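Chain identifiers are assigned alphabetically (A, B, ...) following the order of the sequence lines, protein sequences preceding nucleic acid strands; residue numbering begins at 1 within each chain. Owing to the predicted nature of the structure, the values given are computational and were not obtained by experimental measurement.
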Amino acid sequence: MDLAALLVTPFARLTELGGLLLVIPLMLPVVGLLLAPLLRGRWLGGGLLGRFTLLLLLLGLVAALAVATAVLTGDEALKYYLGGWLPPLGVALKADGLSAIMLLLSAVVILAVGVYAQREFQVPPDASETRASLVFWMLLMGVWAGLNAAFLGQDLFTLFVALELLTFSAVPLVALDGRAETLAAALRYLLFALLGSVLYLLGAVLFYGTYATLDITLLAERISGEPALPPAVIAAAALMTVGLLAKTALFPLHLWLPPAHAGAPPPASAILSALVVKASFFLILRLWFDVMPGALTPMTAQILGGLGAGAILFGNLVALRQARLKLLIAYSTVAQIGYLFLIFPLAARAESAALTGGMLQVVAHALAKAAMFMAAGLIAKALGHDRVRDLGGCVRVLPLTLLAFGLAGLSLIGLQPSGGYLTKTLLTAAADGTGQGWLGLVIQVGGLLTAAYLFWVFGHVLFGVPSTPAMPIKPPGRAQELVVLALALGALLLGLVPPALFDLVEVGRAGLEASAAVATAMAGAFGWSKLWGDVWPLLVVGLLVLGMLPWPDRPAGGSPRPATTSLSVTGHWAADLGTLLEPADRGLRQWPVAGLSLLILLLALAAAISTGA
Amino acid sequence: MTNALIVDAALALLVLGLALWVIATRAAYRAVVGFVAYGLLMAIIWVRLAAVDVAMTEAALGTGLTGLLLLGAAARLAPYETAEFDRRPGRGLRVLIGLLCAAVTLGLAAVVLLLPAPAPSLASLVADNLPPTGVGNPVTGVLLAHRAIDTLLESVVLLPALIGVWSVAANPAWGGRPGSLPRPPASSALTLLAQVLPPFGILVGIHLVWNGADDPGGKFQGATVLAAMWILVLIAGLREAPALRERRLRVLLVVGALVFIGIGASGIWLAGAFLAYPEGYAKPLILAIEAVLTLSIAATLGLLLAGPPAGDRPIGTTS
Amino acid sequence: MASSKAAAMPLIRAALARGVGFLGFWLLLAGPSLGQSTATGVTTDLAAGLAVGLLAAVVATWVSLRLLPPAPGRLRLTALARLARHFLWQSIVAGFDVARRAFDPRLPLKPGDLAFPTRFPPGTGRAAFGAITSLMPGTLPVGTDDHDRLVFHCLDLDQPITAGLARDEALVMGVRRNGSDRDA
Amino acid sequence: MNDPTLFGLCGAALVGLGLYGLLCQPGALRKILAFNLIGSGVFLLFGVIALRGGGVLAAAGRGIDGDPVPQALIITGLVVAFAATSIAVALLLRLAETSGRTTLENEAPPAPSLPGERASRPDGES
Amino acid sequence: MRLALDILTIVAVSLGAIFFLAGTVGLLRFPDTLTRLHALTKADNLGLGLVVLGLLPQVSGPLSALALLAVWLLALLSGSTVGQLLAGKAAVPDPDRAPTLTPGAGASHD
Amino acid sequence: MPEFLLGAAAFVLGTVALGLMRLLRGPGHADRMLSAQLLGTGGVGALLLLGVATGVGAIAEVALLLALLAAFASVAFVSGIQRSDGRGPPSATAPAAADSPGEHRRETA
């Protein structure tokens, strides 16, 4: 019924539905998921299921746009009480600005992935259904359903079910190719994510035990009325935060992310890196900015920000050492997650800039990372491998793909006018403004390190000796290349979006001035001095990296290990650092060590939260 | 009251002892056997906590299906499981983690002791809002009316889980019969059990669903019992598991949640809200939803146990 | 299985008998709540409950007939009652027997295996015999040997076990008149 | 000490024990068991909260033994935990069959999946 | 009458509890798996039966009483099946079972 | 009377708990399984006692469920063992070897 209505009703009428509108993005993927097992066979030359999913994704995009329009024009959060039952008894749906942005973002990214994957997961002519096609398309809708439920849910337990829906859908995607390594990666991901879920649930239980409600709005009212946080609430906040951090894979809890994101099929990697880890981050935002606003003690904020800074430095450095393109991108995700957590130490005195910057980072990274993973998939498919050292010459066969990869990279580095630039400018300004200049420094260094590994990749691409046949084994589909390019361009041109649209961030929360912050950040972005000031460090880094490249005397055959011999001084320095970093990363990703980090973090957070209570 | 306290203390100690055994024993098989016993005790504890609905779920799920799943897994893993116990982290790390876990426990214990004294509760609110739902069992009211979305999402969650289980199949086996169910040697005792028990299980399952509207019970409990009976028949070899490509089976898997959504959506017009029930028709609609959901959940739970498709022969047999 | 009219009669009879039995079991389960609804005078609930019970009994009967087709031959209720009495008494004896041995400080056991050439062909009858003997004093069926004899593990080989087993066997066989040899 | 508190402390201990097992036991099956222990500890705490919330009403003669909301949520949680266990078991069994591994220790980061390799994945049973 | 029924309850339930104890003692004291299995199936089922018998006078109405009996019958069916299944399994050659495989050669005490 | 029934339930639980010693001592997998099975029967008894003692009729249904599914663990156990036997001689001895008396002594010492 929703479907039919969507097809015939003009777009504008949708926004008149009010809160009921929220049911559409919640239920659309669920209905798709339920119908999927019945849709067998080929259709229009591909899989019926793939085409059906695409149609559903288009409808989902319309619905997300409608929600965003309604939220922005109405300038207040949409709310809906399911079954007409008011909380605390019933469950509410709510779309504030943040939800609307996330809904829209996931609709766009999943639609792009859906277009990309039409070719990868079509049904061969001699079959009506294959394992990979059914599993991929169903779980894609499962992920979508979990994401939308996580963005709209206003009840801590509903959110728990949404997280589980997300996890159960995401994990099998990792192991879709069925090799032992990816099975191990999926199992590791599942078990760590389950640990995160159960800690989250424990926190929700303690909230219920204290206030007999799980509704976010009601909890916020009751907690803000407390003279001091009760012990159960302190414990609950610590448990939920740590549980969600484990699912977000914030350093040092990133043990599962690199193998899982690198081992999944490229479209799945794109979804996992761009969206799935963001859902748990989004719930951390909900927890600290909606459930317990004002309870964020400086100590807590410093811990989260410190971990974020650690993630930026560590993730980028380890990424620099990766020999495989997909692993490099996965470690880049570890680093980029770090930026999200810088907003906590900034939020206390610069909430507008921090939240706007955080949301921009979510969007920009999602677009850029999805583009990069899918570009890497096209490269790997065309060349039959994704060893960075053997990428030489592939620019001739995949010019469009590499262009997209590069443009997405520019957003990660943070060049104007990309979303990355906006994020970094907003966060750096906020850091300087709040007297935490070291955070600004971390951001700058992070950008340079990002530039370094991108130069490293492109150095090999442009100047490396072609080791593989010039002709691709399987040329990428035009639609695939275009969709990757579109995502990359989206990330790059985010800064040119009219600032008024960023007011979406502030809908539903008082005292924010998102569009003003964005306008300030973009002011003067294209002045010559500013441009030069941003570009020359990159040039230096580029020269240093190119100096490290062993391409003139590259050994034949191309070993899969990274170059540790080099003529330049920077090469030796990087090699020394690498010998320190890689064992450190291996150690941190040992299960017991990661567990130890998690426990320490849990106790430290509990202590930190109680310092201000 | 003292005898009750003795019962409770005995249960608590036993459960802790078994948990310790599950964690600390050397071989996985022993741990699993301990866990089965643990599940039994948990069912009794739920009774002591006045949560009979939960006790039924735990009895059916915890002791029946989970035991089957884990024991089967432990047996199939036994050949591969060489000295994994010895690859524990070093003593120092273990002690450190142990201390931190103890700290977590102590912190939680303190939190439990410091929970607000007149415990906040939704019990009276549920009681006040139960009449419009027409059901007499407050747990069913909460699951199917007040928090229907959780139940809906939760029955949907089972589907990706099942797809996840299927997804580890080998490509050529796709769409075939599931192959993870244990196949014991022909035993007349098992055959007799599988011939005699299922009708009674079906009666109990239907009873739990029907009666769950007003008394403890409900679709999860009923569906678990039905799934268990189905599995028993399959294990005994009286029937073959269906091929997973069969359309009837696929329909069975999704019909429950689809009907739920359909009735929920009709509530938009008939009762003013998604997942609301028209006045006076709440109970029949709830029972209808429960009936179809029971079938879907039972099929899904059974197939979760039956494992990924294995072509025409079960995984692990030598042909 | 019931292709001819002659074969259809026992099927219908078995279906009716089992159906009534299952309906009775349903009444056991639903008894308390049905009692409630009669007490409050809500007859629609009572009717609905009975209807669901009838439906459940039909489903159970159908499943039961599919899984365990009725054996030819008629059930002899007097023999069944005799078997039940014997079974009840012997299981009490079995419990006392085991308890006595368990509590005895000397642990008087003489365990061992014993092969019993049963007259039951493999099938439901033999399975039922095994199930019953597993609750009789001192015997526990462990399987079949190469000569198609049932192997029993016994607690005390000095006791007259074979005689007891033969008596059990006769009692179980008597329950169904001229039927057991065609069980499958 | 009253009964709910007793089981509440029991739940706290189960969470700690399960955490230790999940982090220190190398075998994946043991980790799955430990996860279930943590889960049941959490459910137990929730059950205690439910019982505490019902005491008031029982005293007032309203005839409800515990707060039904947590009880309903526990039932949902138990089913979700079962689903999680079954996925984990399926992955683990397949992992053991393809590689002989039953632990998650000492893993090397996997090479990304490639089209050529996908075509040659072990499709039958060895 | 009430008193007589209560006495019946107390006697039967106590007796049942003692049989549960007997099952446990047998499980712990008996020398091998199969003999332990005897203790389990026979003593425990009698114990449960006596407990049910003892509870019969305490429940309201004949239907509830019959329901209790049904629980016992189901337990009997399960118990006997489990007994046979585990017995068949224990009879598979196993180091600590070997001495009792041949008739009469058993009687191995701890 | 409820007090007595509760006491009886505690006693039954206590005795089956004692039976869990078999879980600790083994020595075979089947022996450990026996103790879980004992717990099942004892649990049914204890639940019936608790149900009548507290007057909550639905508790009997929990006992009914336990009785209905009591055989499941053993069925899985039996077939599980068979499956690893079916893998051939080396693996068939693996579970038994893991439970050899020598190793058992090491653990309880």
Asker: To the closest 0.5 Å, what do you measure between CG (E/L66) and CG (C/L29)?
Answerer: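 It comes to 11.5 Å.
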Asker: Is it true that atom CZ of C/R85 has more than 12 heavy atoms of other residues, nucleotides or ligands lying nearer than 6.0 Å?
Answerer: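 Result for CZ/C/R85: open.
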Asker: Please round to the nearest 0.5 Å and tell me the distance separating atom CG of E/L46 and atom CG of C/L88.
Answerer: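 E/L46 CG to C/L88 CG: 9.5 Å, rounded to 0.5 Å.
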Asker: Sort by residue number and list every member of residues 70-84 of chain E having a non-hydrogen atom under 4.5 Å from chain C.
Answerer: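 At a heavy-atom separation under 4.5 Å, chain C is reached by E/A70, E/W72, E/L76, E/S80, E/G83, E/Q84.
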Asker: Can you confirm whether more than 12 heavy atoms, excluding those of C/R149, are under 6.0 Å from its CZ atom?
Answerer: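 For C/R149, atom CZ is crowded (more than 12 foreign heavy atoms under 6.0 Å).
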Asker: Below 4.5 Å, heavy-atom pairs only: which of C/G130, C/S134, C/S91 has the largest tally toward chain E?
Answerer: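 The option with the most such pairs is C/S134.
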Asker: Among residues at least two apart in sequence or on other chains, which ones pass ring pair (Phe, Tyr, Trp, His ring centres under 6.0 Å) with C/F25?
Answerer: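 Scan of C/F25 (ring pair (Phe, Tyr, Trp, His ring centres under 6.0 Å), adjacent residues dropped) gives B/F200.
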Asker: Looking at C/L135, C/I92, C/T133, which makes the most heavy-atom pairs under 4.5 Å with chain E?
Answerer: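 Top count of heavy-atom pairs under 4.5 Å with chain E: C/L135.
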Asker: With sequence neighbours left out, write down each residue that passes side-chain contact (heavy atoms from CB on, under 4.5 Å) with C/T61, or none if nothing qualifies.
Answerer: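 With sequence neighbours excluded, C/T61 shows a side-chain contact (heavy atoms from CB on, under 4.5 Å) to C/A15, C/R18, C/F22, C/L65, given in chain and number order.
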Asker: Would you confirm whether E/K42, through its side chain, and C/T139, through its main-chain N or O, come within 3.5 Å as a donor-acceptor pair?
Answerer: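 Yes: the side chain of E/K42 pairs with the backbone of C/T139.
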Asker: Look up atom CG in E/L34 and atom CG in C/D113, then write down how far apart they are to the nearest 0.5 Å.
Answerer: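 If I round to the nearest 0.5 Å, the distance is 7.0 Å.
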Asker: To the closest 0.5 Å, what do you measure between CZ (C/R101) and CZ (E/R29)?
Answerer: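 These two atoms lie 12.5 Å from each other.
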Asker: If I measure from the heavy atoms of chain E, does C/F87 come under 4.5 Å with its side chain, its backbone, both, or neither?
Answerer: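 For C/F87, the side chain is the part near chain E, not the backbone.
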Asker: For residues 17-26 of chain E, give me every residue with a non-hydrogen atom less than 4.5 Å from any non-hydrogen atom of chain C.
Answerer: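 Within residues 17-26 of chain E, the residues under 4.5 Å from chain C are E/I18, E/F19, E/L21, E/A22, E/V25, E/G26.
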Asker: For the residue pair E/H38 and C/D97, establish whether any side-chain heavy-atom pair is separated by less than 4.5 Å.
Answerer: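 With C-beta onward as the side chain, the pair stays apart.
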Asker: Enter the distance from E/T35:OG1 to C/K110:NZ here, rounded to the nearest 0.5 Å.
Answerer: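 Going from the OG1 atom of E/T35 to the NZ atom of C/K110 covers 15.0 Å.
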